[in-house]
Amino acid sequence: MIKTICCIGAGYVGGPTMAVIAQKCPHIKVTVVDLNEKRIAAWNEANTDNIPVYEPGLSAIVAEARGRNLFFSTEVDKAIEEADMIFISVNTPTKTYGVGKGMAADLKHIELCARQIARVAKTDKIVVEKSTLPVRTASAIKDILDHTGNGVQFQILSNPEFLAEGTAVADLLAPDRVLIGGDTTPEGQKAIQSLVDIYANWVPQERILTTNVWSSELSKLTANAFLAQRVSSINAMSELCERTGADVNEVARAIGMDSRIGSKFLKSSVGFGGSCFQKDILNLVYIAKTYGLNEVADYWEQVIIMNDHQKRRFAKNIISTLYNTVSGKKIAFLGWAFKKDTNDTRESAAIYVADDLLSEQAHISVFDPKVKEDQILSDLNYLETRTDTENKKGIVADENPYSACKDAHAIAILTEWDEFRDYNWQQIYDGMLKPAFVFDGRNLLDKTELEKIGFVYQSIGS
Ligand code: NAD
Ligand code: UDX
C-alpha cells in the first residue's frame with residue numbers, strides 16, 4: 001500500500017490535485033515539490049487565501065490538510081527518496097526552439113525529472129505521468145529509469161488530469177472518470193491497482209478506467225482536441241450567424257438538445273484560451289506529421305486556425321465599428337483571465353485582442369477581478385510585438401471596473417466573470433464617450449437592457 005507520495009510540480013495541476021488526494025487520504029503523506037521557491041513559499045503562506053492558484057474551494061482544502069499530511073517544499077531529492085509513488089506534474093509547453101518549434105511539446109522538464117528520479121531513488125518506485133504528454137513518452141522515461149544500474153525497479157503509469165481550471169476542486173472531487181494506463185505485465189497491473197486504491201478513497205470504482213499506457217497518453221490529447229474542436233465549430237457558425245440573421249445561442253440550443261451532440265461546450269466566444277487546448281492540439285498535429293499522417297494533421301490544425309481567426313476578427317470588428325480607427329481612443333477591457341474563476345491568463349484571448357488593438361494605437365485599460373498589471377504586461381511582452389516601455393504606454397490595469405470604463409469609447413468583455421452582469425451599467429454608460437459601444441466577447445450581458453440604456457451592443461454570433 002502506498003504511504004508516501006511526492007509530486008514534482010506545484011502548479012495549477014500539481015497543487016489542487018495533491019491537495020485533494022491529501023484531503024481524501026489522511027493516511028498518505030503527500031509532498032508537493034517545485035524548483036520555484038516563490039511558488040512554494042506562496043503555497044506555504046499562513047493565510048491560505050494567498051496560495052498561488054486561485055480556485056473556488058481550494059484554499060479551504062489546503063487549510064485542512066497542510067501540515068497534517070500535505071506539505072509543500074523545494075527539497076526535491078528528499079521528497080523523491082521518501083516516496084513510494086512519484087507524480088510528475090511539470091509544465092510541458094510548446095517548444096520555442098529547434099526541431100518541432102511552435103508545435104511539439106517541450107519535454108525537457110519531464111526528462112530532467114526522470115533523470116533526477118533515476119539519480120536519487122534507492123527503493124522501488126511507481127512513477128506517474130500526470131503532465132499531458134505525447135503518446136509514447138512513457139517509453140522514453142522508462143529508458144532513462146531502466147539504466148540506473150542500481151537495481152531499483154520502476155513502474156511507469158499514465159494518469160492524465162482532466163480537471164478544468166475554475167472548477168478544479170469540483171472536478172477533482174467528482175471526476176467524470178479517472179484514467180490510469182499501465183503495463184500489461186503482472187508488475188504493471190499491481191502498480192495500476194495501487195493507484196486505483198488511492199482514487200477509490202473517494203471516486204466510485206466504475207469511474208476508474210484502466211487501459212494500456214499508450215491509450216491513456218493518447219486519450220488526454222484526444223479529449224482536449226475534441227473539446228476545443230467543439231468551441232471552434234460553434235465559433236465558425238457564429239460568423240455565419242452574423243451574416244445571415246441566425247443567432248448562435250439559438251443554434252447552439254437547438255443542436256445541443258440532440259442527445260447525440262449534447263449541450264455542453266457549445267458556447268460561442270472570442271476564442272478559447274488556456275494553457276492546454278492550443279498546446280495539446282499543436283502537439284497532436286506534430287505527432288501526426290511525424291508519422292506521415294498529413295490529412296490527420298491538417299484536420300486538427302484547422303481547429304487552431306479557426307480559433308486564431310475568431311480572436312482576430314473580434315479585434316478587427318472593434319476597429320471597423322469605431323469608424324476604422326482606435327488610435328488614441330480608450331478601450332476598456334473587462335476580463336483578462338482565459339475564463340472565469342481563475343487567475344490564469346495563459347493563452348487568454350484577451351492578450352491577442354489587446355495586441356491587435358495596441359498595434360492600432362489604442363489605449364487600453366483592463367479590469368480583471370483576479371489579474372494584476374504585472375501579469376498583463378508580462379503576457380504582452382512575451383509576444384515580443386513591441387517593447388515593454390511601449391506596452392506600458394498602451395495598457396494599464398485598473399483596480400476598479402467603473403474607473404476602467406470612465407471616458408472610454410468602448411468596452412470589450414473578454415472573460416465571463418459573473419460579477420460583470422451585476423454592475424451598474426447605467427453608471428458605466430453615463431461615464432463613457434458617446435456613442436458608447438459594448439463588444440461582448442462572451443455573450444454575457446443582456447442586450448435588451450444595454451440597448452435600453454443607450455449602448456451600442458454587439459455580441460458574438462448574432
Ligand atoms: P504549471 O506551469 O502551473 O506548473 C508546473 C510547475 O512545475 C512549475 O511550478 C515549475 O516550476 C515546476 N517544474 C518544472 N520543472 C521542474 C523540475 N524539474 N523540478 C521541480 N519542479 C519543476 O503547469 P500546470 O498548468 O500545472 O500543468 C502541468 C501539466 O499538467 C502540463 O503537462 C499540462 O499540460 C497538464 N495539464 C494542465 C491542466 C490545466 O488546467 N492547467 C489540466 C490538465 C493537464
Ligand atoms: C481544458 C479541459 O476542459 C480540461 O479537461 C483539461 O484538463 C485542461 O484543458 P481548461 O483549459 O482549464 O480545461 O478550461 P475549459 O473550460 O476547457 O476552457 C478552455 C477555453 O475554452 C476557455 O477559454 C473557455 O472560455 C473556452 N470555452 C469553453 C468556450 O469558449 N466555449 C465553451 O463552450 C467552452
Side-chain angles (χ1 to χ4, degrees), residues 6-18 32-40 42-43 52-53 55 72-77 79-80 87-94 105-117 129-134 137 159-168 171-172 175-177 179 220-221 223-228 230-235 238 252 256 263-281 283 307 310-311 335 337-342 344-350 414-416 441-443 460:
C6 155
C7 173
I8 310 180
Y12 281 87
V13 169
T17 311
M18 292 301 130
V32 191
V33 292
D34 204 295
L35 297 174
N36 183 334
E37 290 174 10
K38 245 174 93 185
R39 210 165 204 182
I40 291 297
W43 279 111
V53 170
E55 279 291 343
F72 294 92
S73 160
T74 50
E75 292 181 89
V76 184
D77 282 1
I80 291 175
F87 287 79
I88 303 183
S89 188
V90 299
N91 39 327
T92 50
T94 305
D106 191 343
L107 299 180
K108 70 177 173 207
H109 302 300
I110 296 288
E111 181 167 342
L112 280 171
C113 288
R115 289 188 184 280
Q116 191 162 7
I117 296 168
E129 298 175 345
K130 186 48 110 180
S131 296
T132 302
L133 297 171
T137 305
N159 172 222
E161 185 48 61
F162 293 100
L163 69 80
E165 290 180 29
T167 53
D171 294 345
L172 287 163
D176 285 349
R177 74 337 206 152
L179 178 59
K220 176 64 200 180
L221 292 183
N224 275 352
F226 270 60
L227 289 168
R230 280 174 74 93
V231 179
S232 274
S233 295
I234 199 72
N235 280 343
S238 74
S263 61
K264 291 182 183 162
F265 254 76
L266 286 179
K267 188 113 186 63
S268 188
S269 67
V270 57
F272 61 74
S275 64
C276 293
F277 282 176
Q278 173 159 311
K279 158 179 87 74
D280 292 347
I281 293 180
N283 185 8
N307 195 50
Q310 189 76 349
K311 293 183 271 189
F338 81 97
K339 63 187 284 200
K340 72 171 178 178
D341 292 337
T342 176
D344 195 350
T345 65
R346 288 177 289 180
E347 289 301 327
S348 179
L414 274 309
T415 313
E416 73 284 21
R442 297 293 184 161
N443 294 351
I460 306 267

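Start at 1 and go down the list; that is how both ligands and their atoms are numbered. Predicted model only: the values in this text are computed from it and were never measured.
With a 4.0 Å cut-off on non-hydrogen atoms, Arg346 touches ligand 1 through its side chain and not its backbone.
Look at Arg346 and Glu165 and you find a salt bridge, because one of the NZ, NE, NH1 or NH2 atoms lies within 4.0 Å of a carboxylate O, short of that distance.
Nearest to atom 12 (C) of ligand 1 among the protein's heavy atoms is Asp34 OD2, 3.2 Å. Of all protein heavy atoms, the one closest to atom 7 (O) of ligand 1 is Gly9 CA, 3.4 Å. Of all protein heavy atoms, the one closest to atom 44 (C) of ligand 1 is Thr132 OG1, 3.4 Å.
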May I have the N/O to N/O pairs between ligand 2 and the protein that fall below 3.5 Å, each with atom names and distance to one decimal?
| residue | atom | partner | partner atom | Å |
| --- | --- | --- | --- | --- |
| ligand 2 | 5 (O) | Phe162 | O | 2.8 |
| ligand 2 | 7 (O) | Glu161 | O | 3.3 |
| ligand 2 | 7 (O) | Phe162 | O | 3.4 |
| ligand 2 | 7 (O) | Leu163 | O | 2.7 |
| ligand 2 | 7 (O) | Lys220 | NZ | 2.7 |
| ligand 2 | 12 (O) | Glu165 | N | 2.7 |
| ligand 2 | 14 (O) | Lys339 | NZ | 3.3 |
| ligand 2 | 16 (O) | Lys339 | NZ | 2.8 |
| ligand 2 | 23 (O) | Gly273 | N | 2.9 |
| ligand 2 | 23 (O) | Phe338 | O | 2.8 |
| ligand 2 | 25 (O) | Arg442 | NH1 | 2.6 |
| ligand 2 | 30 (O) | Ser269 | OG | 2.6 |
| ligand 2 | 31 (N) | Lys267 | O | 2.8 |
| ligand 2 | 33 (O) | Leu266 | N | 3.3 |
| ligand 2 | 33 (O) | Lys267 | N | 2.8 |

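Residue Lys130 places no N or O, backbone or side chain, under 3.5 Å from any N or O of ligand 1. At least one N or O atom of Val13, backbone or side chain, sits closer than 3.5 Å to an N or O atom of ligand 1. Taking only nitrogen or oxygen atoms, main chain and side chain alike, Ser89 does not reach within less than 3.5 Å of ligand 1. In terms of polar-atom proximity, Tyr12 is counted as a contact of ligand 1, with an N or O under 3.5 Å from an N or O of the ligand. For the pair Thr92 and ligand 1, the shortest N or O to N or O distance falls below 3.5 Å. Taking distance alone, with nitrogen or oxygen atoms compared against 3.5 Å, Lys279 approaches ligand 1 more closely than that limit.
Under a 3.5 Å cut-off, the side chain of Asn159 and the backbone N or O of Lys130 do not form any donor-acceptor pair.
Cation-pi geometry between Arg177 and Phe162 is met: under 6.0 angstrom from the ring centre, within 45 degrees of the axis.
A 4.5 Å side-chain heavy-atom check between Lys279 and Asn283 finds every atom pair outside the cut-off.
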**Study point:** Stepwise side-chain contact (heavy atoms from CB on, under 4.5 Å) check, Asn235 with Ser269
**Key:** CA-CA 7 Å; Asn235 280 343; Ser269 67; 3.9 Å; yes
